[in-house]
Amino acid sequence: MGLVLASLATALFTVTKRWYILAILHGVMGLGASAVVAPSLAMIADLSVKTRGREMGFYDLSTILGFMVASPISGLFLDRVGARVTFITASLMLMLTVFIAYILLPETCRVRARETYVRTVLKSLVNIDSLSVMPMWIVLMMMLGIGLTYIPKYAALYGVPLFKAGALLTGLALCLLVSQPFFGWLSDKVGRLPVLTVSLISLSALAMLLAVFKGDIYRILPAAIVLGFLSAGFTPTALALIADTAPSTGRGACMGIYSFVIGVGTIVGPLVGGAVLDIAG
């Protein structure tokens, strides 16, 4: 259902130039994405036990790889053949995944939840282990939203060329690409909490380092690379922790709550970051 919705919305981008209709289509695409992400994560949780951290790391890797591959290819398509062909191609690719899903994916939900939707969500929220990850995740996504929104402005303020800021973001993506399966695997071996603790401390240290040294990127580059790599352990480990602690009939709901928290963080982050920048610099 999610893939079909996303495919239709993508195709419909080619039939209008009215901004409010495009905004509605974005919303439909968001519904489609939600209907793919939460069940996908629940399926990974269903299919993995001892290697759950590693599998969540590969999920993150596939997400990051998709962004990295799609950005230059879509840009090339737009330059060579225009927006209409680009959107139609993307729509057909999405529709192709519908058939791939039906052919290759097994149904992993063996136990059906008997509770109503509201009771299932409340039951998942009462799960203190899963719930305790959420505030950390909101802060993490706020930081990511602030970074992606304001790094170009930050770079310009200190005379850093935009292509260098872009290179930093590319370096971050490559770091995540390498680190996600590794830290997921490590959390399977040594436990979730040690990896989460090191990751969050590293992320805090990295933010302080960037604040203290401002635009002098080259002086802090080695330390920033190490801290950035260590901080990347949070996502696969936290996802595995949610899957570990979610009730067998509520994994989908728990992963849906995780997706909701990501959305909240990425919306609130730039707003809070912008307010702080305006008030305090």
Side-chain angles (χ1 to χ4, degrees), residues 53-54 56-72 133 135-187 190 192-240 262 265-266 268-281:
R54 185 191 69 183
M56 291 299 181
F58 276 114
Y59 166 82
D60 289 328
L61 182 149
S62 70
T63 304
I64 297 157
L65 190 62
F67 279 118
M68 288 181 67
V69 171
S71 296
V133 178
M136 292 184 269
W137 223 314
I138 286 181
V139 173
L140 190 73
M141 295 313 297
M142 284 176 66
M143 290 182 70
L144 182 63
I146 289 168
L148 292 174
T149 306
Y150 298 110
I151 277 177
K153 294 180 183 295
Y154 186 90
L157 185 64
Y158 292 103
V160 179
L162 281 177
F163 80 90
K164 288 185 179 179
L168 280 174
L169 290 174
T170 303
L172 174 64
L174 288 170
C175 174
L176 290 171
L177 206 63
V178 174
S179 63
Q180 297 301 282
F182 169 73
F183 282 113
W185 169 84
L186 189 64
S187 75
V190 302
R192 312 292 186 215
L193 292 179
V195 177
L196 282 176
T197 303
V198 170
S199 296
L200 289 169
I201 290 171
S202 300
L203 189 63
S204 299
L206 178 61
M208 291 177 191
L209 202 65
L210 289 170
V212 170
F213 285 89
K214 299 178 181 177
D216 199 354
I217 293 169
Y218 296 107
R219 284 181 62 189
I220 62 169
L221 195 58
I225 290 170
V226 172
L227 290 171
F229 182 77
L230 291 174
S231 64
F234 178 85
T235 305
T237 308
L239 272 173
I262 283 184
T266 50
V268 173
L271 296 174
V272 172
V276 172
L277 279 169
D278 287 342
I279 294 167

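- Distance check: Phe229 CZ to Ser202 OG gives 10.5 Å after rounding to the nearest 0.5 Å.
- Residues Val195 and Gly233 share a closest heavy-atom pair of CG1-O, 3.9 Å.
- Judged by distance alone, the side chain of Gln180 and the main-chain N or O of Tyr59 form no donor-acceptor pair under 3.5 Å.
- Remark: Thr235 OG1 to Met141 CE distance equals 7.5 Å, nearest 0.5 Å.
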| task | Report the C-alpha distance between Val268 and Ile138 in whole Å, list the side-chain angles of each, state the deciding distance to 0.1 Å, and finish with yes or no for side chain to side chain contact (heavy atoms under 4.5 Å, CB included). | result | CA-CA 9 Å; Val268 173; Ile138 286 181; over 6 Å; no
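- Within the model, atoms OG1 of Thr266 and CE of Met142 stand 10.5 Å from one another, a figure rounded to the nearest 0.5 Å.
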| message | Apply side chain to side chain contact (heavy atoms under 4.5 Å, CB included) to residues Phe234 and Leu203 and explain how you reach the verdict. | response | CA-CA 9 Å; Phe234 178 85; Leu203 189 63; over 6 Å; no
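- A donor atom on one side chain and an acceptor atom on the other are found under 3.5 Å apart for Arg192 and Ser187.
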| query | Going through the checks in order, is the side chain to side chain contact (heavy atoms under 4.5 Å, CB included) test met by Leu239 and Asp60? | reply | CA-CA 10 Å; Leu239 272 173; Asp60 289 328; 3.8 Å; yes
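- Leu186 CG to Thr237 OG1: the interatomic distance, rounded to the nearest 0.5 Å, is 7.5 Å.
- Here the CG atom belonging to Leu230 is positioned 10.0 Å from the CG atom belonging to Leu206, to the nearest 0.5 angstrom.
- Note: Ile64 CD1 to Ser179 OG = 6.5 Å, rounded to the nearest 0.5 Å.
- Of all heavy-atom pairs spanning Pro270 and Gly265, the tightest one is CD-O, 4.3 Å.
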